[in-house]
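Report on the structure given below.
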Amino acid sequence: KQEVTQIPAALSVPEGENLVLNCSFTDSAIYNLQWFRQDPGKGLTSLLLIQSSQREQTSGRLNASLDKSSGRSTLYIAASQPGDSATYLCAVHSGGGADGLTFGKGTHLIIQP
Amino acid sequence: DGGITQSPKYLFRKEGQNVTLSCEQNLNHDAMYWYRQDPGQGLRLIYYSQIVNDFQKGDIAEGYSVSREKKESFPLTVTSAQKNPTAFYLCASWGGGQPQHFGDGTRLSIL
């Protein structure tokens, strides 16, 4: 059964720093991997989607990498801002694709002004 | 705009009562999903449906039921058999080759 782990569970950094969030998964036979952002009491906003054949995706200050063979993904946030404060969730889509996602527990990020 | 609408935003259940959470999408997606989120936890899959009139159990289906009579609708019923229903419930849809889209969630509490 697929398991997803996110490290660290919480992170607090000063504004302007570059930071890395880590995600690992136990079964490398994945369809894709997604990074989401969740604000308190809200639903999920998709940040980046990496297909199993891809190595990385970029959107603005965000860059996500995927190493399927080692079961790892990282989310890199450049020049962090207070508005980046949120919980970041990593999720893996296994099997044929139409099955549900397997989520990590998230990294709670606080950017200090 | 295309998206997913969940209602109500907040719901309260009395002991022994069944309650139904609504999820509607206008994205023309075939697949729809229900997840449960508990404080400090990741999301866990309750049920999913890949096509109308068909659905499968996820990891925590006990005490829940669903129907998929229309492509755009996937309601979730929390039955009285679910002994710990207090949680944040999220509905999602997927059209293949794209990110899953999520609604804004329904927060269910016990009276």
Side-chain angles (χ1 to χ4, degrees), chain A residues 1-10 21 23-26 30-54 57 59 62 64 66 75 86-109, chain B residues 3-7 9-10 21 23 25 27 29-52 54-61 66 68 74 76 87-109:
Chain A
K1 180 183 174 184
Q2 181 74 267
E3 292 182 3
V4 178
T5 302
Q6 291 187 246
I7 295 174
L21 307 183
C23 172
S24 62
F25 47 94
T26 55
I30 65 170
Y31 185 76
N32 62 42
L33 183 145
Q34 274 186 260
W35 283 94
F36 293 91
R37 169 187 173 135
Q38 186 176 31
D39 293 294
K42 302 293 185 181
L44 275 60
T45 300
S46 180
L47 297 174
L48 290 165
L49 169 70
I50 310 177
Q51 301 292 354
S52 62
S53 59
Q54 296 175 324
Q57 282 287 333
S59 176
L62 304 179
L66 173 64
L75 178 66
T87 296
Y88 290 80
L89 293 165
C90 170
V92 170
H93 210 164
S94 301
D99 298 344
L101 297 173
T102 302
F103 282 84
K105 293 183 179 180
T107 294
H108 181 54
L109 177 63
Chain B
I4 297 178
T5 302
Q6 289 189 241
S7 62
K9 190 174 177 68
Y10 300 97
L21 285 61
C23 178
Q25 56 104 354
L27 298 165
H29 287 171
D30 286 317
M32 296 187 73
Y33 309 83
W34 275 105
Y35 295 90
R36 168 181 172 141
Q37 186 176 35
D38 294 282
Q41 302 292 316
L43 281 69
R44 292 181 291 168
L45 182 65
I46 305 172
Y47 267 99
Y48 64 101
S49 169
Q50 300 180 17
I51 197 168
V52 174
D54 187 51
F55 48 82
Q56 285 78 41
K57 293 182 179 179
D59 298 322
I60 54 166
V66 294
R68 186 84 187 277
F74 191 40
L76 173 74
F88 190 48
Y89 291 86
L90 288 157
C91 178
S93 71
W94 186 61
Q98 303 171 24
Q100 281 199 6
H101 291 258
F102 281 78
D104 288 335
T106 293
R107 189 165 300 279
L108 176 61
S109 302

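Numbers restart at 1 for each chain; the letters A, B, ... are given by sequence-line order, proteins then strands.
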Report task. Heavy atoms only: give me the nearest B:Y35-A:L101 pair and the separation to one decimal. Result -> OH-N, 2.9 Å
Requested in this report: Locate the shortest heavy-atom distance separating A:S46 from B:Q100; write the atom from each residue and the value.
Outcome: CB-O, 4.5 Å
Report summary line: If one checks every heavy atom of A:L89 against chain B at 4.5 Å, the contacting part turns out to be side chain
Query raised in the report: Checking A:L48 against chain B: side chain, backbone, both or neither under 4.5 Å from a heavy atom?
Result: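 No part of A:L48 comes within 4.5 Å of chain B.
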Query - pair B:F88-A:Q38: side-chain heavy atoms closer than 4.5 Å - result: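 Contact flag for B:F88/A:Q38 side chains = yes.
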**Report entry** B:Q37 and A:F103, any side-chain heavy atoms less than 4.5 Å apart
**Finding:** no
With a 4.5 angstrom heavy-atom cut-off, is it the side chain or the backbone of [X] that approaches chain A, or both, or neither?
X	value
B:D59	side chain
B:R107	side chain
B:L90	side chain

Query raised in the report: Which residue pairs pass the salt bridge (charged side-chain N to carboxylate O under 4.0 Å, His left out) test when at least one of the two sits in residues 39-52 of chain A, sequence neighbours left out?
Result: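 Salt bridge (charged side-chain N to carboxylate O under 4.0 Å, His left out) check on residues 39-52 of chain A returns A:R37-A:D39.
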Query raised in the report: Is the CD atom of A:E3 crowded by more than 12 outside heavy atoms at less than 6.0 Å?
Result: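 Incorrect, the count does not exceed 12.
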Requested in this report: Go through the structure and list residues passing side chain to side chain contact (heavy atoms under 4.5 Å, CB included) with B:A61, not counting sequence neighbours.
Outcome: B:Y47, B:K57
Query raised in the report: In terms of heavy-atom pairs under 4.5 Å, which option from B:G103, B:G105, B:P99 contacts chain A the most?
Result: B:P99
